[in-house]
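Positions are given from 1, in the same order as the sequence printed here. Order of listing sets the numbers, starting from 1, for every ligand and every atom in it.
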Amino acid sequence: MSRIVIVGGGAAGMYAALIGAEKGHQIDLYEKNEKLGKKLYITGKGRCNLTNACDRETLLGSVISNPRFMYSSFYGHGNQDTMALFERIGLSIKTERGNRVFPASDKSSDVIKALERELKKNQVRIHLNTEIREIVVKEGRCVGIRTAGGENVPADACILATGGLSYRTTGSTGDGYRFAKAQGHSIVECIPSLVSLETEEDWPAKVQGLSLKNVELLVQKKNRILYRETGEMLFTDRGVSGPLILTASSVAGRDIMQKEVELLIDLKPALTHKQLDKRLIREFEEQKNRQFKNCLGNLFPNKLIPVMVEQSGIAPEKQVNLITKEERKRFAEQIKALCLHVKQLGGFKEAVITKGGVSTREVDPKTMESKLVEGLYFAGEILDVDAVTGGFNLQIAWSTAYAAASHMKQEEKMGYQIAIDGPAGAGKSTIAKLVAEKLDFVYVDTGALYRGLAVHFLKEGIDETDETALTKACEKARIDLAYENGIQQVLLNGENITSLLREERVGNLASRVSALQVVREKLLQTQREIAQKKNVVMDGRDIGTCVLPEAGVKIFLTASVETRAKRRYEQLTREGKQADLKKIEADIQERDHRDSHREIAPLKQAKDAVLLDSSDLTIPQVVERIIREKENASGN
Ligand SMILES: Nc1ncnc2c1ncn2[C@@H]1O[C@H](COP(=O)(O)OP(=O)(O)OP(=O)(O)O)[C@@H](O)[C@H]1O
Ligand SMILES: Nc1ccn([C@H]2C[C@H](O)[C@@H](COP(=O)(O)O)O2)c(=O)n1
């Protein structure tokens with residue numbers, strides 16, 4: 001296990017913390033705000049456009065700055081992976097127009113809640129209201145951080161996920177750029193992006209609030225076309241905004257900074273110049289005795305008419321039949337290319353994202369590790385990568401966070417993991433033991449850990465409904481696994497209690513208390529630590545879904561209730577124990593229901609697990625099938 005410090009508790013920081021913790025690292029997440037995810041909370045007008053359910057090409061094509069840098073991380077963990085992860089952690093999602101993905105509840109707070117819940121479950125240590133002053137580097141390697149309060153926090157690695165400069169009130173004040181610069185990183189000039197544009201002309205203020213649908217926007221600089229698209233735009237008190245403009249700010253942001261960019265709005269993109277002229281002739285003919293200012297109602301929204309009249313240079317009171325051919329032609333030109341000159345980009349205060357940041361040339365695109373400082377990683381908006389609207393910028397955050405957290409170097413080699421989950425009596429332990437033997441892996445029966453805690457509660461006479469007593473008892477219990485002649489032994493505070501584990505009351509209590517957060521939290525890290533260093537076959541209820549979500553092979557082993565009850569009955573009879581088939585069956589059913597309906601880490605098949613129904617398979621056949629899965633997964 002490595003000790004990793006993450007600076008910044010926004011989208012990228014939380015995601016990196018979760019991935020790192022699931023990989024078995026000890027994570028400390030530092031956030032200077034009083035809570036996590038402040039910017040995430042207001043994104044997408046509070047709905048949080050999580051990602052975009054497009055294909056990979058579209059995903060890459062939506063990145064404006066440094067798309068090639070995103071290639072590896074999008075392929076390593078793309079939009080589909082992000083959607084699967086959010087569903088795995090209990091967030092229902094929905095896809096809307098333009099493939100935009102949102103939480104089903106339309107509440108960004110639910111995204112934050114889901115992430116926070118997982119961070120807690122995975123024992124991430126969250127430090128709120130804690131500002132970081134600097135990254136500590138020794139001999140070219142990051143060895144920790146120093147807080148503004150002067151505390152030195154040693155670490156094996158540090159992920160900077162401090163965001164950009166947009167929405168400063170949410171904490172994005174650019175600290176990360178300063179830390180990176182201090183370590184020799186180049187920072188590409190930061191400018192606001194996905195932002196409104198301020199214009200030299202002040203007439204937009206007269207029509208502020210007016211939204212135009214289906215207009216074509218052409219952005220150009222000295223006749224060079226920078227952007228051209230049809231869609232919706234909006235006039236503001238200082239210029240223009242709306243979807244077309246936001247994208248234009250992203251595509252042409254740097255040119256806009258250097259001035260001389262003009263916007264040409266085609267108000268009638270469906271008509272050619274010739275068709276438009278014909279239309280004007282018809283309108284002018286039908287209303288020939290009216291004044292110019294009163295004959296445009298069929299052509300433009302009312303609010304826009306005074307502006308169009310003013311810009312045309314034609315006297316507003318001029319009788320329509322007196323308008324010359326040249327005036328009409330010029331007016332048609334104006335309709336096809338209503339011109340505005342861009343003064344500047346709107347400010348960081350309202351920009352959705354920041355363009356610029358830590359130069360991607362100095363960061364490994366596969367791992368997000370600095371090429372200058374070992375053990376220093378970057379994730380999210382701090383990097384000089386940005387995309388258009390539609391959930392793509394958050395996907396950059398998720399994918400880079402995943403790359404950083406999952407490529408974190410392990411102090412010790414990570415073991416190979418085979419996860420076997422399934423209901424009571426499905427044969428998990430019998431099969432897992434044999435698979436482990438064949439592969440020379442360590443077998444870990446996690447049910448035994450829960451049973452071990454149950455023995456402790458029984459010994460201490462703990463009332464299972466008394467949460468305080470349970471919490472205290474959990475603190476007092478140390479559960480260790482040991483192996484005698486390759487057979488797993490459970491030690492409770494040093495005492496070998498293996499012989500007590502199979503008692504019926506122990507199994508039933510284990511099933512009941514395993515629904516409790518305090519119990520699951522107690523055992524989660526123990527399980528991960530075991531799987532960290534050794535090759536393991538681990539069986540349980542939530543191994544593939546929760547304990548080892550990255551396991552190389554995941555099996556969901558099951559069999560009909562009758563089969564399982566019959567097998568258990570035969571097992572007990574073989575062992576010379578009293579057994580009642582009907583009672584065993586009822587017991588199994590009750591346990592299945594409880595294990596699969598509890599709120600935390602319920603028994604369920606992981607999306608990427610192989611379903612194996614052993615009702616009609618012999619033990620060697622099941623073992624063989626799993627060995628084959630392992631061989632396929634390892635490519636041999
Ligand atoms: N494919 C099979 N064919 C016949 N018997 C089987 C098969 N798989 C398992 N068994 C038998 O079923 C019984 C229950 O198996 P086991 O104890 O391994 O289940 P389990 O899933 O680990 O149960 P629990 O979750 O309650 O600990 C054992 O007697 C075992 O030998
Ligand atoms: N990963 C696990 C393993 C076990 N449990 C709980 C649920 C079971 O009813 C109980 C005993 O397990 P068994 O020995 O029968 O496999 O422990 C769990 O919640 N998660």
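- Side-chain contact of S105 with D110: a donor-acceptor pair under 3.5 Å is present, judged by distance alone.
- Ligand 1 places these atoms under 4.0 Å from at least one heavy atom of R541: 25 (O).
- Judged by the shortest distance from any of its heavy atoms, G425 lies inside the 4.0 Å radius around the atoms of ligand 1.
- Although no hydrogens or angles enter the test, the distance criterion places a donor-acceptor pair under 3.5 Å between the side chain of T400 and the main chain of A397.
- Protein heavy atom nearest atom 28 (C) of ligand 1, with residue, atom name and distance: Q571 OE1, 3.7 Å.
- A salt bridge (charged side-chain N to carboxylate O under 4.0 Å, His left out) with D592 is found for exactly one of R564, R541, R598, namely R564.
- Side chains of S108 and R47: a donor-acceptor N/O pair is absent below 3.5 angstrom, by distance only.
- Among all heavy-atom pairs drawn from G78 and D81, the shortest one is N-OD2, 2.7 Å.
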Practice item. Could you check R594 against S511 for side chain to side chain donor-acceptor pair (under 3.5 Å), going step by step and ending with a plain yes or no? Key: CA-CA 7 Å; R594 209 170 27 229; S511 171; 3.0 Å; yes
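- Taking any N or O of K428, backbone or side chain, none lies under 3.5 Å from an N or O belonging to ligand 2.
- Residue contacts with ligand 1: R591 is included, with a non-hydrogen atom under 4.0 Å away.
- Each of the following atoms of ligand 2 lies closer than 4.0 Å to a heavy atom of D595: 7 (C), 8 (C), 9 (O).
- The distance from ligand 1 to the heavy atoms of T618 drops below 4.0 Å at these ligand atoms: 1 (N).
- Side-chain N or O atoms of Q527 include one that pairs as donor or acceptor with a backbone N or O of L523 at under 3.5 Å.
- Within the 4.0 Å heavy-atom shell around ligand 1 one finds R502.
- With a 6.0 Å cutoff to the six-membered ring centre and a 45° limit on the axis angle, K583 does not count as a cation-pi contact of Y569.
- Shortest contact from atom 30 (C) of ligand 1 to any protein heavy atom: T430 OG1, 3.4 Å.
- If you number the atoms of ligand 2 from 1 as listed, the ones under 4.0 Å from a heavy atom of R502 come out as 14 (O).
- Below 4.0 Å from some heavy atom of I543 lie the following atoms of ligand 2, by number and element: 1 (N).
- Taking the six-membered ring for Trp and the full ring otherwise, the centers of Y402 and H407 sit at least 6.0 Å from each other.
- Y450 CB, 3.4 Å is the protein heavy atom nearest to atom 17 (O) of ligand 2.
- Below 3.5 Å of separation, one finds no N or O of A424 facing any N or O of ligand 1.
- The ligand atoms of ligand 2 that sit less than 4.0 angstrom from a heavy atom of S511 are 9 (O), 10 (C).
- The proximity of L617 to ligand 1, defined as any non-hydrogen pair under 4.0 Å, is limited to the backbone.
- For the residue pair Y443 and S429, the shortest heavy atom distance occurs at OH-CB, 3.0 Å.
- Between T82 and Q395, the side chains place a donor N or O and an acceptor N or O closer than 3.5 Å (distance only, hydrogens not considered).
- The protein heavy-atom contact nearest to atom 12 (O) of ligand 2 is G447 CA, 3.5 Å.
- The closest approach between any non-hydrogen atom of R594 and ligand 2 is not below 4.0 Å.
- Taking a cut-off of under 4.0 Å to the non-hydrogen atoms of S514, the atoms of ligand 2 that pass are 6 (C), 7 (C), 19 (O).
- The shortest contact between atom 3 (C) of ligand 2 and any protein heavy atom is with T446 OG1, 3.4 Å.
- For the pair S429 and ligand 1, the shortest N or O to N or O distance falls below 3.5 Å.
- Of the possible donor and acceptor atoms, none in the side chain of K39 sits under 3.5 Å from a partner among the backbone N and O of G163.
- Within the listing of ligand 1, atoms 29 (O) sit less than 4.0 angstrom from a heavy atom of R574.
- Counting heavy atoms only, R568 comes closest to atom 17 (O) of ligand 1 of the residues K433, R567, K428, R568.
- Where the criterion is an N or O separation shorter than 3.5 Å, residue side chain and backbone included, R598 meets it with respect to ligand 2.
- Judged purely by atom type and a 3.5 angstrom limit, S614 has no side-chain atom pairing as donor or acceptor with the backbone of L617.
- For a threshold of 3.5 Å applied to N or O pairs, the pair formed by G427 and ligand 1 contains at least one separation below that value.
- Between D542 and the choices K121, K604, R520, the salt bridge (charged side-chain N to carboxylate O under 4.0 Å, His left out) rule is met once, by R520.
- With a 6.0 Å cutoff to the six-membered ring centre and a 45° limit on the axis angle, R56 counts as a cation-pi contact of Y75.
- At a heavy-atom distance under 4.0 Å, no atom of L557 approaches ligand 1.
- Comparing heavy-atom distances from atom 2 (C) of ligand 2 across R591, E590, R541 singles out R541 as nearest.
- Residue contact check: R451 has heavy atoms under 4.0 Å from atoms 11 (C), 13 (P), 14 (O), 15 (O) of ligand 2.
- Not close to ligand 1: K566, with no non-hydrogen atom less than 4.0 angstrom away.
- Atom CD of E599 has 12 or fewer heavy atoms from other residues, nucleotides or ligands within 6.0 Å.
- Each of the following atoms of ligand 2 lies closer than 4.0 Å to a heavy atom of R520: 18 (C), 19 (O), 20 (N).
- For G447, the heavy-atom gap to ligand 1 stays at 4.0 angstrom or more.
- Taking the six-membered ring where the residue is Trp, the centroids of F86 and W398 are separated by under 6.0 Å.
- Panel note: side chain K554, backbone P549; a donor-acceptor pair is recorded below 3.5 Å.
- Note: no N/O pair closer than 3.5 Å links V622 and ligand 1 by distance alone.
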